[in-house]
Amino acid sequence: MSITTPHGGTAGTTLQLGAAFFTVTNIVIQFNDPTADQEKIDVSHLGLTIGASIATLDRPLQGSTTDTGRTIQFDYLGRTLIADASTGTCTIIVAGTAMVSAIAYTVNASTLTLATNDAIRGQATLRIARA
């Protein structure tokens, strides 16, 4: 299933995990550098005077070796509960243009909400590989 929306340039948006298509209501793609803040620890204090250098220490612990810093979070309609830690490839097409194309993912989190007087809704967060 795919969704067609009449607004915001998102008409014809589809999200596909492997062979499964999802009717999405929201997609957030986040790219962060997981090593950006791992160089030093800021230990500046109130005793520093104007113009003094920032006080830092080397980080005593290393960052995660599996965190790519890139995630896709999406909300969808339907009864499918996406298994945690499952893997595959993800493709997102917006208005006929691939934003993400067959990129490897691992499911970090998945929820399914069943409520009275509402559609069954799910939410998933995928950790995606760096290209």
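Heads up: numbering here begins at 1 and tracks the sequence.
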Q: So which pairs with a foot in residues 74-103 pass ring pair (Phe, Tyr, Trp, His ring centres under 6.0 Å), sequence neighbours left out?
A: Phe22-Phe74, Phe22-Tyr76, Phe74-Tyr76

Q: If hydrophobic clusters are built by linking Ile, Leu, Val, Met, Phe, Trp and Tyr wherever their side-chain heavy atoms come under 4.5 Å apart, do Ile93 and Ile128 end up in the same one?
A: no

Q: Can you pull out every salt bridge (charged side-chain N to carboxylate O under 4.0 Å, His left out) where at least one residue sits in residues 113-125? Sequence neighbours excluded, please.
A: Asp118-Arg121

Q: Supply the members, apart from Leu46, of the Ile/Leu/Val/Met/Phe/Trp/Tyr cluster built from side-chain contacts under 4.5 Å; use none for a lone residue.
A: none

Q: Quick one: closest heavy-atom pair of Ile103 and Ala129, and the distance?
A: CD1-O, 3.2 Å

Q: How long is the span from the OG1 atom in Thr68 to the CG atom in Leu126, to the nearest 0.5 Å?
A: 10.5 Å

Q: Heavy atoms only: give me the nearest Ile82-Ala124 pair and the separation to one decimal.
A: CD1-CB, 3.9 Å

Q: State which residues pass side-chain contact (heavy atoms from CB on, under 4.5 Å) with Thr56; sequence neighbours excluded, sorted by chain then number.
A: Lys40, Ile54

Q: According to side-chain contact (heavy atoms from CB on, under 4.5 Å), who are the partners of Gln73, at least two apart in sequence or on a separate chain?
A: Asn26, Val28, Asp75, Gln123, Thr125

Q: If the condition is side-chain hydrogen bond (donor to acceptor under 3.5 Å, both in side chains), which residues does Asn108 pass it with, not counting sequence neighbours?
A: Arg127

Q: Please list, chain by chain and in numerical order, all residues satisfying side-chain contact (heavy atoms from CB on, under 4.5 Å) with Ile29, sequence neighbours excluded.
A: Ile27, Phe31, Ile72, Ile92, Met99, Val100

Q: List the atom of Ala83, the atom of Val107, and the distance in Å for their closest heavy-atom pair.
A: O-CB, 3.5 Å

Q: Restricting to salt bridge (Lys or Arg N to Asp or Glu O under 4.0 Å), what partner residues turn up for Asp42, sequence neighbours left out?
A: none

Q: State, to 0.1 Å, how close Gly122 and Leu112 come at their nearest heavy-atom pair, and which atoms those are.
A: CA-CD1, 3.9 Å

Q: Under a single-linkage definition using a 4.5 Å side-chain heavy-atom cutoff for Ile, Leu, Val, Met, Phe, Trp and Tyr, are Val43 and Leu48 assigned to the same hydrophobic cluster?
A: no

Q: Enumerate the ring pair (Phe, Tyr, Trp, His ring centres under 6.0 Å) contacts for residues 83-122, please, sequence neighbours excluded, ordered by first and then second residue.
A: none

Q: Can you pull the side-chain hydrogen bond (donor to acceptor under 3.5 Å, both in side chains) pairs that have at least one residue in residues 80-96, sequence neighbours excluded?
A: none

Q: Name all residues meeting the side-chain hydrogen bond (donor to acceptor under 3.5 Å, both in side chains) criterion together with Gln30; count only those two or more places apart in sequence or in a different chain, and write none if there are none.
A: none

Q: List for me each residue that meets side-chain contact (heavy atoms from CB on, under 4.5 Å) alongside Ala85, sequence neighbours excluded, and say none if there are none.
A: none

